[in-house]
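Right, one structure below, let's go through it.
Keep in mind the model is a prediction, meaning the values are calculated, not measured. Note on naming: letters A, B, ... go to the chains in the order of the sequence lines (proteins, then strands), and numbering restarts at 1 for each one.
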There are 2 protein chains.
Amino acid sequence: MNLKKYTDYSLRVLIFTGLKHGEERARIKEISDVYNISQEHVRKVVHDLVKRGLVESTRGRGGGIRLAKPANEINIGMLVRELEQDFVLLECFDQGVNHCVISPGCSLKHIINKALGAFFKVLEEYTLEDLIHNEEELKTLMGMDTGDRKQ
Amino acid sequence: MNLKKYTDYSLRVLIFTGLKHGEERARIKEISDVYNISQEHVRKVVHDLVKRGLVESTRGRGGGIRLAKPANEINIGMLVRELEQDFVLLECFDQGVNHCVISPGCSLKHIINKALGAFFKVLEEYTLEDLIHNEEELKTLMGMDTGDRKQ
DNA sequence: TTAAAAGGTGTATTTTGAATACATCTTTAT
DNA sequence: ATAAAGATGTATTCAAAATACACCTTTTAA
């Protein structure tokens, strides 16, 4: 059982971006440096987040990305749901592939579904804001605490 | 997000086995036939369940497997936990691999862990007995309803 | 007006782990 | 003895994720 690294990266990109305020923008290069993830991956993730309407980007010199909406409107549960798309926890979750004869009378899928629901219910109680509430600590960890990162 | 097929298979093997009573035993061949899973895989799964002490097997003619303890003592949550072993939902779940700089101050892992806890809490409310409560229906679906499957 | 900085996009390759298959051994009832 | 049943280790296949590469477009400051 796992989530995709992609999901992990996306969340981290949002955390980083959420620490920028006003006209400040996060650059792919910065994000790539802070997390030690290749620019290529960050690019992909960012592009995807733009398509989903979670961040907005500006091209060209002085460009970068910033959140497309307030951090407290970005729900973690919904985010993870979107990023992970398919939840085929059991063969029978995917009609069309399923050929388990007992699935019509099998309670397992209901139980697993209920558990999955509980999983997301918890995630849905949080927003990006909860992930960046300790802004100063995070900035320190990222080496953004000096305030002069003009490169 | 997904579970291993292996986990799915294991649960199904247990369901089938749980439908046998008294001195009746389930044979790998039977299980393989009912679910249309190759004997090779069933073999692996069964072997694993034996090692985990969930079923006991008898070799030789007239052999087969049966539950090693009452169905209501086989907890679904514990089972899934065991079968899925590693839950590295985020990079930072695996110290040793993790190199995310913000992990010491990152709330995400706590949230995900809480959600995972909720997932298992639901599963832990059920035992194998709950999965075979509709014994007759399951037997019918499996083509075991005639009562004479002596092959 | 052009060069550099920034993101956009498609495709290719690598890696990993699950899924599957094969071969051969051991045990035991008849 | 032998056939039925499980035990076990290894090898192969396959798919998906992870990663890398190449090149395009937009913007703006010099």
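Between A:Thr7 and A:Glu40, the residue whose closest nucleotide on DNA chain D is further toward the 5' end is A:Thr7. Mapped onto DNA chain D by nearest heavy atom, B:Val46 and A:Arg43 fall at different nucleotides, with B:Val46 at the one closer to the 5' end. The residue among B:Gly62 and A:Ile28 whose nearest nucleotide of DNA chain C is located toward the 5' end is A:Ile28.
Interatomic distance, CD of A:Glu135 versus OG1 of A:Thr140, reported as 10.5 Å (0.5 Å rounding). A distance of 7.0 Å separates CD in A:Gln39 from CG in A:Asp33, rounded to the nearest 0.5 Å. Rounding to the nearest 0.5 Å places CZ of B:Phe87 at 8.0 Å from CZ of B:Phe119.
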(request) Please step through salt bridge (Lys or Arg N to Asp or Glu O under 4.0 Å) for the pair A:Asp48 and A:Arg52, ending with a clear verdict. (result) CA-CA 6 Å; A:Asp48 195 65; A:Arg52 293 179 194 281; 2.8 Å; yes
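Summarising the geometry, the separation between NE2 on B:His47 and P on C:dT26 is reported as 14 Å, rounded to the nearest angstrom. Protein atom CD1 of A:Ile31 is 12 Å distant from nucleotide atom P of C:dA6, rounded to whole Å. Remark: P of C:dA18 and CG of B:Asp48 are 13 Å apart, rounded to the nearest angstrom. Going from atom CG of B:Leu3 over to atom P of C:dA18 covers 12 Å, rounded to whole Å. Rounded to whole Å, atom P of C:dT28 lies 12 Å from atom CZ of B:Arg25. Put simply, CZ on A:Arg66 is 15 Å from C1' on C:dG7, counting in whole angstrom units. Distance, A:Glu91 CD to C:dA18 P: 17 Å, rounded to whole Å. At whole-Å resolution of the value, NE2 in A:His41 and C1' in C:dT14 are 11 Å apart.
The shortest distance between side-chain heavy atoms of A:Ile65 and A:Val13 falls below 4.5 Å. Contact annotation: the side chain of B:Asn2 never approaches that of A:Phe93 to less than 4.5 Å [non-hydrogen atoms, C-beta and beyond]. Inter-residue side-chain proximity for B:Leu14 and B:Val55 is flagged as met; some heavy-atom pair is nearer than 4.5 Å. At a threshold of 4.5 Å between non-hydrogen side-chain atoms, the residues A:Ile112 and B:Leu123 count as touching.
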Show me the protein contacts with nucleotides 24-26 of chain D, counting only N or O atoms at under 3.5 Å.
from	atom 1	to	atom 2	distance (Å)
D:dT25	O2	A:Arg59	NH1	3.0
D:dT26	O4'	A:Arg59	NH1	2.7

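Against DNA chain C, the stretch residues 76-84 of chain B makes no heavy-atom approach under 4.0 Å.
Taking every side-chain heavy atom of B:Ser57 into account, D:dA7 is the closest of D:dA20, C:dT20, D:dA7. With C:dA18, C:dT11, D:dC21 as the choices, the nucleotide that has an atom nearest any side-chain atom of B:Lys4 turns out to be C:dA18. Closest to the side chain of A:Lys44, out of D:dA18, C:dG10, D:dT10, is C:dG10.
Phosphate contact (OP1/OP2 of D:dA17, side-chain N/O of A:Tyr9, threshold under 4.0 Å): absent.
The aromatic rings of A:Phe16 and A:Tyr35 sit perpendicular, their planes meeting at an angle over 60°, well past the 30° parallel limit. Taking the six-membered ring for Trp and thresholds of 30 and 60 degrees, B:His41 and B:Tyr9 have nearly parallel ring planes, at less than 30 degrees apart.
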